[in-house]
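Encoded as structure tokens, the structure appears first; notes follow it.
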Amino acid sequence: SQTIHQWPATLVQPVGSPLSLECTVEGTSNPNLYWYRQAAGRGLQLLFYSVGIGQISSEVPQNLSASRPQDRQFILSSKKLLLSDSGFYLCAWSVSLAGGTGELFFGEGSRLTVL
Amino acid sequence: GENVEQHPSTLSVQEGDSAVIKCTYSDSASNYFPWYKQELGKRPQLIIDIRSNVGEKKDQRIAVTLNKTAKHFSLHITETQPEDSAVYFCASLYYSGYALNFGKGTSLLVTP
């Protein structure tokens with residue numbers, strides 16, 4: 001069966017420090033991978049998605065970046081965190097379908113607090 | 001890009017009553033509309049979805065209806081139970097797109 005792992009679960013970082021959140025998927029090949037951010041009252045905001053190794057699509061201009069160094073690994077990074085980067089970050093995967101995507105399977109999330 | 005609006009933002013019902021959450025989307029080319037449930041402290045999980053070639057879909061106590069002409073879709077929960085209390089998100093997918101666009105969520109509270 002497929003599983004998704006995301007870490008760390010919680011993170012408290014000072015403003016201006018770097019960030020690295022990691023997500024891996026097991027039990028499937030060539031998944032679509034996603035990073036969403038959940039802030040209170042704003043729902044699930046799509047940050048990045050990837051349909052293959054090295055292929056990253058950015059939906060929101062910001063000081064965050066994403067990388068996909070391996071087929072089932074997705075990393076969210078920042079060189080310098082801002083207070084506004086605080087939130088709950090969710091990694092997700094879906095089966096790659098011709099003409100789109102299917103059900104999203106979310107990781108357990110990473111709660112980031114920037115002080 | 002696609003814009004999904006969801007309302008109400010909060011909904012309180014008594015156990016046994018029905019609950020309805022509505023969403024509208026902006027792009028007529030969208031063709032996939034899932035609903036996710038997120039219990040407190042947990043990850044969102046798919047509860048039901050519908051594609052644009054179908055007008056209604058049911059799964060036990062939950063149902064989703066789609067009106068393509070009006071570009072809106074709704075989640076219906078009948079005979080609500082306290083365990084239905086959660087945040088519900090609607091989403092839409094643009095035709096041949098890869099990423100879902102979510103609404104802002106509805107916090108449903110079912111009181112005994």
Side-chain angles (χ1 to χ4, degrees), chain A residues 1-7 9-10 21 23 25 30-52 55-61 66 68 74 87-111, chain B residues 1-11 21-27 29-53 57 59 64 75 86-108:
Chain A
S1 64
Q2 300 88 2
T3 57
I4 178 169
H5 302 283
Q6 182 181 345
W7 70 93
T10 59
L21 301 179
C23 173
V25 180
N30 194 32
N32 294 334
L33 296 172
Y34 307 84
W35 280 109
Y36 282 88
R37 178 168 59 199
Q38 186 173 21
R42 295 192 62 186
L44 292 163
Q45 181 187 30
L46 177 65
L47 301 176
F48 302 95
Y49 69 92
S50 171
V51 300
Q55 301 179 57
I56 308 295
S57 295
S58 174
E59 293 294 307
V60 181
R68 184 172 179 172
F74 207 24
F88 190 53
Y89 289 82
L90 287 159
C91 180
W93 74 273
S94 70
V95 173
S96 179
L97 299 174
T101 187
E103 177 180 357
L104 285 184
F105 297 93
F106 287 90
E108 294 190 349
S110 299
R111 186 163 301 282
Chain B
E2 171 73 291
N3 184 39
V4 179
E5 296 193 0
Q6 180 174 352
H7 56 94
S9 57
T10 61
L11 179 60
I21 303 170
K22 298 181 180 180
C23 288
T24 60
Y25 60 98
S26 58
D27 199 318
S30 295
N31 64 352
Y32 175 60
F33 307 93
W35 286 88
Y36 284 78
K37 175 183 180 182
Q38 185 178 29
E39 297 178 357
L40 189 63
K42 297 188 177 181
R43 72 190 85 184
Q45 292 188 304
L46 179 72
I47 55 171
I48 195 167
D49 58 10
I50 192 168
R51 297 199 177 266
S52 59
N53 57 346
K57 185 177 179 181
D59 183 4
V64 57
L75 178 70
V87 178
Y88 292 81
F89 293 96
C90 65
S92 71
L93 180 70
Y94 178 77
Y95 171 75
S96 79
Y98 291 99
L100 293 173
N101 291 290
F102 285 87
K104 292 185 177 180
T106 296
S107 179
L108 173 65

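Quantities reported herein were computed from a predicted structural model and do not represent experimental measurements. Numbers restart at 1 for each chain; the letters A, B, ... are given by sequence-line order, proteins then strands.
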Do [X] and [Y] touch side chain to side chain, with heavy atoms closer than 4.5 Å?
X: A/Leu104; Y: B/Tyr36; value: yes
X: B/Lys42; Y: A/Phe106; value: no
X: A/Ile4; Y: B/Arg43; value: yes

Item to check | Portion of A/Gln45 that has a non-hydrogen atom of chain B nearer than 4.5 angstrom | outcome: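 Contact with chain B is absent: no heavy atom of A/Gln45 under 4.5 Å.
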
Checklist entry - Contact part of A/Leu46 toward chain B, heavy-atom cut-off under 4.5 Å: side chain, backbone, both or neither? => result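 The side chain, not the backbone.
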
Item to check | B/Gln6 portion near chain A, given a 4.5 angstrom heavy-atom threshold | outcome: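 Neither the backbone nor the side chain of B/Gln6 comes within 4.5 Å of chain A.
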
Next on the checklist: Under 4.5 Å from any heavy atom of chain A, what part of B/Pro44 do you find: side chain, backbone, both or neither?
Outcome noted: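 Backbone plus side chain of B/Pro44, per the 4.5 Å heavy-atom cut-off to chain A.
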
Item to check | Nearest non-hydrogen partners of A/Gly43 and B/Phe89, listed with the distance | outcome: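 A/Gly43 and B/Phe89 have their closest heavy atoms at CA-CE2, 3.6 Å.
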
Return the [atom1] to [atom2] distance between [X] and [Y], rounded to the nearest 0.5 Å.
X: A/Phe105; Y: B/Leu46; atom1: CZ; atom2: CG; result: 7.5 Å
X: B/Leu100; Y: A/Glu103; atom1: CG; atom2: CD; result: 10.0 Å
X: A/Leu44; Y: B/Gln38; atom1: CG; atom2: CD; result: 6.5 Å

Checklist entry - Just wondering, are more than 12 heavy atoms of other shown residues or ligands nearer than 6.0 Å to CD in A/Glu108? => result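 Check fails, neighbour count at 12 or below.
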
